[in-house]
Each structure stands twice: as structure tokens, then as C-alpha cells.
Peer 1: 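The structure's right below; bear with me while I get my questions together.
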There are 2 protein chains.
Amino acid sequence: MQPIAPSSREKILETAEVLFAARGFSAVGMREVADRVGLSKSALFHHFASKLELYLAVVERILVDIDARQEAAAQPKSDAFERVWHWIEVTIDTLAENPSHARLLLRTLFEEDDVAPEDEDHLDQLLAKILRRVGQAIQEGIDRGELRPVSIPHTLQSIVGMTVYHFASGPVGEKLFGDEIYSSAQVRQRKEEVFQLLRRGLLVTID
Amino acid sequence: MQPIAPSSREKILETAEVLFAARGFSAVGMREVADRVGLSKSALFHHFASKLELYLAVVERILVDIDARQEAAAQPKSDAFERVWHWIEVTIDTLAENPSHARLLLRTLFEEDDVAPEDEDHLDQLLAKILRRVGQAIQEGIDRGELRPVSIPHTLQSIVGMTVYHFASGPVGEKLFGDEIYSSAQVRQRKEEVFQLLRRGLLVTID
DNA sequence: ATTCCGTCCGACCGGTCGGTCGGTATCAAA
DNA sequence: TTTGATACCGACCGACCGGTCGGACGGAAT
């Protein structure tokens, strides 16, 4: 299913991502996507069999991107917390770079699945892979006595909440931070705040 | 605008809350709400001028409830962190009691406002009041030297992320916790995990 | 008995939704 | 030069959307 041609398909995906991220699946019409891309609505259905398929392709693209970025980030660290933090930092970077990722990700995390069983499974596996990577690092830290014996699922939820939600919180976030959530200074501070909170919260001994 | 009769209006609000929370504003039709309540669609428009007004009424109801619960929770605590934590605990209780609250709240937090300026302001003020209450308590703790000099907005975002997101995360949360997020045991553990993370993360000296 | 009002309904409106269909232009392989 | 596949379009479809309208029913006040 690759040789359909890259250019238009890619433009459709990018445009749809922004719209879906901003307003959600059902509030975005195929007509609107088509107009923004500069194609006819029929052309969209040439590239994607249905609206749902387009949506799933958008989500998968994001998950694959995050997974690849985490994978690419080498981790020669021996320190358990440093390894956990390294992955979190990479994820924060990708979320801060493109807010649409964060918003769309948050949607898929808490929205009821209207999804077909087949593709749902695929996306779930991608997501599980990303979470498992961080979860296992925490578990190893606990086993080695470096980290407190926290609940892995609960800690993952906290991490997701502190990262994905932060960069997805649109109007409210902008009200709290004055429209500068995504500025490099604010991103740096976000990292620092989360880092301190997690370090003190997770480590057994703080130096 | 009170003597419209409580019964039907209340049933509409409750039904709409569940639907809006599960699938969002645009994915829910007035016909569906009407059918679930057992009324005709026209009857809904008798009680609420438009779909948007119904949605705003649902959101306001939730915010007022949370605000009232926080207000009702007396806080004779002299300890700064205990006061902060007390409010967080109350909020966690209300979110855990009715998942629809958490989900709908999360939606309004990060979804773009399609809202009219007037009512938007009203809801924003309610939300700001709830956040300010916790924020000021943290600030006082910092001023008194009990809490680390953290960024108030960032800390608020972290708290929201750890509480609202957790109880709003539908399928993903259920996959992590085995369909028991809202069980009293899991809620208790959630409190404990968040408590430990915040206590160690915020306090200057941990005893 | 009449008036009035809150509550509710069925029928209907214009518009938009996701999706289909027949057809055209292009280009490469035969 | 024909064939076939890719990319695209305009016109169209049935279903459904939020919202309106005129009227029916019942109880309370006059």
C-alpha cells in the first residue's frame, strides 16, 4: 500500500492531523480537510478508504514517530533513573515540537474507541510498546534498589499526565503560561519541574 | 429561570453528561439524548435553547459541584502541604465517584473553545477559582519555607495531569489497571501514589 | 368556563455529513 | 497505439444534523 504516491498522501495526513487534533474526529469533515489540502473530497477517498481509516493513519503516524524517536535515543546510562528520565525527556521534546501530536495522542488515550477491532489492536500494541519501555526501566530501578517500590501502572499514568496533558492543554495551558507553553524557555522549565518532581518522588536516596 | 421544573431538566443534564463525556460534543446528537431520556427532541429545545447551551450547562454543573465540594471541605490544617493535599484528595474523591465528571472536565480543559465569549468567561472563572485555591495554598507553603520554590503553574498542570487525566483515561487506563480504576482499592492506591510523589517532590524536608 | 402557562409532541426545514459513481488527464509499459 | 494503472474531479445519494413551528394536553388561577 505504499506506491500510492507520497506527496498528496502526506499532505492529507499532515492537514488531517492538525484538524483532528484541534477539534476531534467527528467535528472535522472530509470536505474541510480536502479544501485545506487543495484537493477534492473524492480525492481523499482515493487515498483513504474511509474517514476512520484516515484518522487511524494519522494516529499511527504519531505513535510510530514517538516510538522511533525513543528507539533512536541511545541509552548507555547505567543509572536507572537517568535511563527513565532520558526517555521521558525525548518524549517531551517531540510533544513540545508539535502540539498536534500531544493533543491527538491525548484524545486517543481517553476517548472511547469507536475503532474497528483490527486496527485498534495494532495501535494498542504500538502504545503498549512505548509505555512498556518506560515501565520496564522503572521496574529494573526498583529491583536494583535504586527506585522506591512504586506502582508501575500508577507511575506511568502520572508521567503521561504530566507530559502529554501538559502539552495538550490548549486554552487553559495558555492562560496559565501566557501563550508560551511551547517556547524553548517554558519547555526547559517544564522539563526541570517534572525532573525534580520525579527524581525526588522516585529515587530512594537523593544526593 | 428556575421554575422550569426540576425533574426532566435534571434527567436531561445527567444523560447528556454521560454521552458528552464518552464521545464529545459533536459526536452526540440531540436525538440520541432525547431518546435516552425518554422525551422528544423538541422537548430538549424547550429546556435548553441550543445544543451548545445544554453542553455548557452540563460543564457548569460539574465545575460548580467540584467547587462546592472543595468549599465544603473544611481545612483547619496549619501545615501547608496538608492543606494542599486535602483539596487534592477531595477532588480525587469526586472524580473517582463519577468518571463522567473527569472525562468531561478533561475535554473542556484541552479542547479548543467553540464556546460563546460570554459563557466561556463564566466557566473560565469557575475553573480559575478552583485552580487558584490550590495554587495559593502552594504559594503560601513556599513563602513559609515549607515547600520547595516550585513553579505554581507547572505544579498545577502536574496535579491536574495526575488526577483528572488518570480518572478520565478510559480504555488505556482500564488496560493498565484491569477495569478497576474506580474500585475503592485502586482509588486508595492512586491517592497514596500521588501523595508520596507530591510530598517528596514538594516538601523541603521529608521527615 | 375561560384563560394562561409549562410541558411535550410530530412533522417539517435547510443544510451538511460520509461515501459513491462515472468520467477525464497523465504517463509508462506493451 | 493501445492498454492499464494512478490521481483526480464534479455531480450526486440517502441519512442525519440542529433547530422551528403549530398544536395538544393538563393543571392552576380568574
Side-chain angles (χ1 to χ4, degrees), chain A residues 1-59 104 107 111-116 118-120, chain B residues 1-59 104 107 111-116 118-120:
Chain A
M1 276 296 142
Q2 276 167 332
I4 289 187
S7 179
S8 279
R9 192 187 160 94
E10 202 64 17
K11 273 207 286 188
I12 294 172
L13 283 171
E14 281 169 20
T15 306
E17 178 184 315
V18 173
L19 290 175
F20 281 141
R23 302 208 303 275
F25 180 77
S26 22
V28 175
M30 294 297 264
R31 278 171 177 85
E32 190 180 358
V33 178
D35 288 350
R36 283 269 260 264
V37 178
L39 288 175
S40 75
K41 185 164 65 81
S42 322
L44 294 206
F45 283 98
H46 172 71
H47 291 277
F48 301 92
S50 69
K51 185 188 179 183
L52 181 59
E53 196 165 292
L54 169 59
Y55 184 80
L56 293 178
V58 169
V59 175
L104 200 57
R107 281 188 196 280
E111 235 157 60
E112 298 287 331
D113 318 73
D114 313 313
V115 202
E118 10 167 353
D119 291 315
E120 181 192 357
Chain B
M1 276 294 145
Q2 277 167 332
I4 290 185
S7 179
S8 280
R9 192 186 159 94
E10 202 63 19
K11 272 206 287 188
I12 294 172
L13 282 170
E14 280 169 23
T15 306
E17 178 185 314
V18 173
L19 290 176
F20 282 141
R23 300 209 303 275
F25 180 77
S26 25
V28 175
M30 294 296 265
R31 277 171 176 85
E32 190 181 357
V33 178
D35 288 350
R36 284 269 260 263
V37 178
L39 288 176
S40 76
K41 185 164 65 81
S42 323
L44 294 206
F45 284 97
H46 172 72
H47 292 277
F48 301 93
S50 68
K51 186 188 180 184
L52 181 59
E53 196 164 293
L54 169 59
Y55 183 80
L56 293 178
V58 169
V59 174
L104 200 58
R107 280 187 197 281
E111 235 157 60
E112 299 287 330
D113 318 74
D114 314 313
V115 201
E118 10 166 355
D119 290 316
E120 182 191 355

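Since this is a predicted model, take the numbers as computed values, not measurements. Numbers restart at 1 for each chain; the letters A, B, ... are given by sequence-line order, proteins then strands.
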Peer 1: Test of understanding: with side chain to side chain contact (heavy atoms under 4.5 Å, CB included), list the residues that count as partners of Ser42(B), not counting sequence neighbours.
Peer 2: Ser40(B)

Peer 1: Looking at Phe45(B) and Ser50(B), what are the two nearest heavy atoms and their distance?
Peer 2: CE2-CA, 4.1 Å

Peer 1: How long is the line joining CG of Leu44(B) and P of dC8(C), in whole Å?
Peer 2: 10 Å

Peer 1: If you restrict it to nitrogen or oxygen atoms, what contacts under 3.5 Å exist between nucleotides 17-26 of chain D and the protein, and what is each distance?
Peer 2:
| from | atom 1 | to | atom 2 | distance (Å) |
| --- | --- | --- | --- | --- |
| dG18(D) | OP1 | Val28(B) | O | 3.3 |
| dG18(D) | OP1 | Lys51(B) | NZ | 2.9 |
| dG18(D) | OP2 | Met30(B) | N | 2.9 |
| dG18(D) | N7 | Arg31(B) | NH1 | 3.2 |
| dG18(D) | O6 | Arg31(B) | NH2 | 3.3 |
| dG19(D) | OP2 | Lys51(B) | N | 2.7 |
| dG19(D) | N7 | Lys41(B) | NZ | 2.4 |
| dG19(D) | O6 | Lys41(B) | NZ | 2.3 |

Peer 1: Look up atom CZ in Arg31(A) and atom CG in Leu44(A), then write down how far apart they are to the nearest 0.5 Å.
Peer 2: 11.0 Å

Peer 1: Given side chains that start at C-beta, do those of Phe25(B) and Arg107(B) come closer than 4.5 Å, heavy atoms only?
Peer 2: no

Peer 1: Starting at CD1 of Ile12(A) and ending at C1' of dC8(D), how long is that distance when rounded to a whole Å?
Peer 2: 11 Å

Peer 1: Rounded off to whole Å, could you give me the NE2-to-C1' distance for the His46(A) and dG22(C) pair?
Peer 2: 15 Å

Peer 1: What integer distance in Å separates Leu39(A):CG from dG19(C):C1'?
Peer 2: 17 Å

Peer 1: Just jot down the salt bridge (Lys or Arg N to Asp or Glu O under 4.0 Å) partners of Glu53(A), sequence neighbours excluded, or say none.
Peer 2: none

Peer 1: His47(A) side chain N/O closer than 4.0 Å to the phosphate oxygens (OP1, OP2) of dC8(D)?
Peer 2: yes

Peer 1: Of all heavy-atom pairs between Val58(B) and Leu104(B), which one has the smallest distance, and what is that distance?
Peer 2: CG1-CD2, 3.2 Å

